[in-house]
**Q** 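Got a structure here, written out as structure tokens. Questions coming.
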Amino acid sequence: MSPFSGKPSPAGLAPFAGRDLLDFSWIGKEELRVIMQTAAYYEEALKEKKRLYDMDGKLMASLFYEPSTRTRLSFEAAMHRLGGGVVTVAESSLFQISSTAKGEKLPDTVKVIEGYVDILVCRSPEVGSAAQAAEHTLIPVINAGDGVGEHPTQALLDIYTIIKEKGGVDGLTIVLAGDLKNGRTVHSLADALSLYDCRLLFCSPAQFGMPAAVINKLKGRGVRVEECCSLDEAAARADVLYMTRVQGERFEGREEFVKTEEAFILTNRHMGRFRPGALIMHPLPRLNEIAPEVDSYPGAAYFRQAANGLFVRMALLALLTGSVK
Ligand code: CP
């Protein structure tokens, strides 16, 4: 049951038009509330089978230099659901189709894209790439993941999911588990959760701990943060258990993790330890860190979570282009 109804007021919408979303630097509690309300408004509209034209005549560019299933397809679906159009570059260093292959640099690429579209969604393996894109274009830029840096739209759909499933975030114990060093989703999510009155428990093998810079920032804001390296302990304490995969693409020497891997696989064995109503989340894709047997647990929300990405990304596209009708 969504705690939101209707559409945000013009005053609520105003701070978004023309902005970039690179991280949570300008997102406060009120901005989060407006994003959640707008997402719920679009979810309701789609549930009622309404045809939306909020972005009629507008175009979005997807510029993806890293693989993606959920982020790119949900952004593109969001644009279509809002009546807008999409142009796409989806490539990797092994398969290049854009003029990046000829040596064109990101600043020139985005200056050119600016002439074609109204908003740019950008993913790259380089930390800071979305910020660099934003520096060189006047259209809004959304960071769809920059290396091990940030993935703010994932964090927003994560929070939307927690609110939908648990009724709110305040008062919860939220465990972020797995490869917290290299996982950009958990960096953004920890930042966003610091706006709420919740407890954070970081659970990882020692070599994959949350970066000190993230922990220090959270503590500086007065967030209650603990660390542990036992998934059994974390599973027993969590209201929300947010699992992540080993980010194998970010480092060499995967064997290092394989030694500890077994201890970080969530299985039926953990279910008996869960608190009543505990929610299991995962940004996906998963490898083996959640056994398929867990999927039938009612609190296993990861596929519902992925579906929520559509509504949240509709909200972001419409808000940042000033198109919420
Ligand atoms: N969660 C997420 O970012 O998934 P994709 O890499 O498939 O976009």
Side-chain angles (χ1 to χ4, degrees), residues 21-24 35 39 60-81 86 88-95 119-130 133 141-162 164-165 174-193 208 240-251 266 279-290 294-295 300-317:
L21 181 65
L22 308 175
D23 52 32
F24 280 88
I35 294 167
M60 175 192 94
S62 298
L63 187 60
F64 276 62
Y65 295 122
E66 261 193 350
S68 170
T69 298
R70 280 144 289 274
T71 311
R72 185 167 69 80
L73 297 189
S74 62
F75 262 118
E76 294 186 359
M79 198 62 191
H80 287 297
R81 293 284 185 196
V86 174
T88 301
V89 170
E91 63 180 30
S92 69
S93 55
L94 297 175
F95 178 74
I119 188 164
L120 171 63
V121 178
C122 178
R123 171 175 285 191
S124 154
E126 305 299 327
V127 173
S129 53
V141 173
I142 298 180
N143 182 2
D146 61 334
V148 299
E150 300 276 350
H151 194 349
T153 69
Q154 177 70 46
L156 290 167
L157 76 88
D158 296 338
I159 287 177
Y160 187 72
T161 302
I162 295 171
K164 253 176 92 174
E165 302 259 347
I174 299 181
V175 174
L176 306 186
D179 181 358
L180 307 182
K181 179 179 173 190
N182 300 296
R184 58 193 171 201
T185 67
V186 286
H187 301 161
S188 291
L189 183 56
D191 204 1
L193 288 171
F208 290 111
V240 176
L241 176 54
Y242 190 99
M243 300 289 293
T244 61
R245 72 181 166 91
V246 177
Q247 306 284 305
E249 68 272 39
R250 306 286 176 220
F251 60 92
L266 194 72
L279 204 62
I280 312 302
M281 296 177 65
H282 192 305
L284 303 177
R286 76 171 144 183
L287 303 177
N288 62 346
E289 59 282 349
I290 300 180
V294 178
D295 296 359
Y302 23 95
F303 293 112
R304 300 194 291 276
Q305 179 186 353
N308 288 333
L310 174 66
F311 317 125
V312 170
R313 288 173 174 135
M314 286 173 77
L316 292 171
L317 290 170

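Everything quoted here is computed from the prediction, not taken from an experiment. Counting starts at 1 for both ligands and their atoms, in listed order. For this chain, numbers begin at 1 and follow the sequence in order.
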**Q** Hey, looking at atom 5 (P) of ligand 1, which of Pro67, Ser68, Ala306 has the closest heavy atom?
**A** Ser68
**Q** Would you compute the distance between atom CZ of Arg184 and atom CG of Asp146 and round it to the nearest 0.5 angstrom?
**A** 7.0 Å
**Q** Which one holds for Arg123 and ligand 1: side chain close, backbone close, both close, or neither close, with close meaning a heavy atom under 4.0 Å?
**A** side chain
**Q** Just how far is it from atom CG of Leu279 to atom CD of Glu165, taken to the nearest 0.5 Å?
**A** 5.0 Å
**Q** Which residue and non-hydrogen atom of the protein lie closest to atom 4 (O) of ligand 1, and at what distance in Å?
**A** Arg70 NE, 3.0 Å
**Q** Can you find an N/O atom of Leu284 closer than 3.5 Å to an N/O atom of ligand 1?
**A** yes
**Q** Could you check atom 7 (O) of ligand 1 against the protein and tell me its nearest heavy-atom contact, residue, atom and distance included?
**A** Thr69 N, 2.7 Å
**Q** Taking Leu241 as the fixed residue, which of Ile174, Leu176, Ile290, Leu266 is the one that meets the side-chain contact (heavy atoms from CB on, under 4.5 Å) rule?
**A** Leu266
**Q** Is ligand 1 less than 4.0 angstrom away from at least one heavy atom of His151?
**A** yes
**Q** With a 3.5 Å cut-off and no angle check, do the side chains of Arg245 and His282 form a donor-acceptor pair?
**A** no
**Q** Say you draw a straight line from CD of Glu126 to CD of Glu66; how long is it, rounded to the nearest 0.5 Å?
**A** 9.0 Å
